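To keep things clear, I will list the structure first and then write my remarks on it.
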Amino acid sequence: MAITGTGTQADPYVVTTWDELVTAVYSYESYVKLGADIDMNDEHPEGVTTVCELRCTELDGDGHRIKNLSAVNLVYIFVINYSGVTIKNCDFLNFRIEANISNPGVGYFAYGENKSINFYMCKFSGRMAGVGYPVYISRGTASFERCSLNLETEGLFSVIPTGNNAIIFKYTNAKFTGAFSGYLYLTLKNAYLSGSLTDGTSLWLEAGCVDSVIDMECPSVSGYSSEHCLANSDKVSGSISGATPVTTAQITDAAYLDSIGFPIQT
């Protein structure tokens, strides 16, 4: 099936395969929509070997899924070659990113230094493995709004390479299970973190965190002072700063949370 539409906001390109998607999103300032689920086991079962360059303004999944997307030793799956892009209503399920050789020695889900990528109403599940070399969710600014993430992680995993980048979880539920490296630099806005992470140094709360809960096993929580951010002290093995320590019992006690100013219906 060929690409349909003209690429405008009123008449977006409609794609039904990965190769059509790669072609359509390369069109400058275009609007692109998925017309069907894409199963990469049908198209690229051995994994993708070339990047998907996002020059479009918007990719609308229209409720569809991209399943079984795999990349091993590819610097990035998506690269942002425009000032910013929005991806909405699209689920990325059972993806796999792995870096295990020195060249290129890194892997990103999305790369856009000095650029932004905004995910809205998207679901993510998969595995990211830094087997001796780092893997990251993003470089640049990545915002996840009303999204959910369920990621298994291994080795040298982190969300972004340094705090000079930004990853924002807004009204988002994120679960990480496995290992990480160094610091996880996060801006949490009405977000909920769960799961279990080992080996790394700390979850680092960037400035602007508000009304969020860290209910996960991790080495420590640190960073800038936040407003109404809670961290489960029964699950954090080390120190907690930047967030308010609460026990497992307290985190489920609406009256207690209300008494310390956390916004909750009682």
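Numbering starts at 1 and runs along the sequence shown. Bear in mind the structure is a predicted one, so any value in this text is a computation, not a measurement.
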When you check the gap from the basic side-chain N to the acidic O, do D37 and K67 get nearer than 4.0 Å? no

Do any N or O atoms from the side chain of [X] and from the backbone of [Y] form a donor-acceptor pair under 3.5 angstrom?
X: E43; Y: W18; value: yes
X: T8; Y: D11; value: yes
X: T172; Y: S148; value: no
X: T86; Y: Y120; value: no

Going by ring-ring contact (aromatic ring centres under 6.0 Å, His included), name the residues that satisfy it together with [X], two or more places apart in sequence or in a different chain.
X: F119; result: F124, F144
X: Y82; result: Y28
X: F262; result: none

Are [X] and [Y] side-chain neighbours, meaning at least one heavy-atom pair lies under 4.5 Å?
X: L205; Y: Y224; result: no
X: F169; Y: L149; result: yes
X: I251; Y: V213; result: yes
X: L230; Y: L257; result: yes
X: H228; Y: P263; result: yes
X: Y108; Y: S138; result: no

Among side-chain atoms of [X] and [Y], is any donor-acceptor pair under 3.5 angstrom?
X: H64; Y: N89; value: no
X: Y192; Y: D215; value: yes
X: S202; Y: S220; value: yes
X: N232; Y: T248; value: yes
X: T187; Y: E206; value: no
X: D234; Y: T247; value: no

R55 charged N/C atom sitting above Y26 aromatic ring, 6.0 Å / 45°: yes

Can you see whether Y111 has R139 sitting over its ring - NZ or CZ less than 6.0 Å from the centre and within 45° of the normal? no

List for me each residue that meets side chain to side chain contact (heavy atoms under 4.5 Å, CB included) alongside A99, sequence neighbours excluded, and say none if there are none. N73, Y133, V135

Would you please indicate if the ring centroids of F92 and F109 are separated by under 6.0 Å? yes

Could you work out the complete set of other residues in the hydrophobic cluster of Y31, with links drawn between I, L, V, M, F, W and Y side chains under 4.5 Å apart? none

Pair listing, salt bridge (charged side-chain N to carboxylate O under 4.0 Å, His left out) test, anchored in residues 117-138, at least two apart: R127-E152, R127-E154

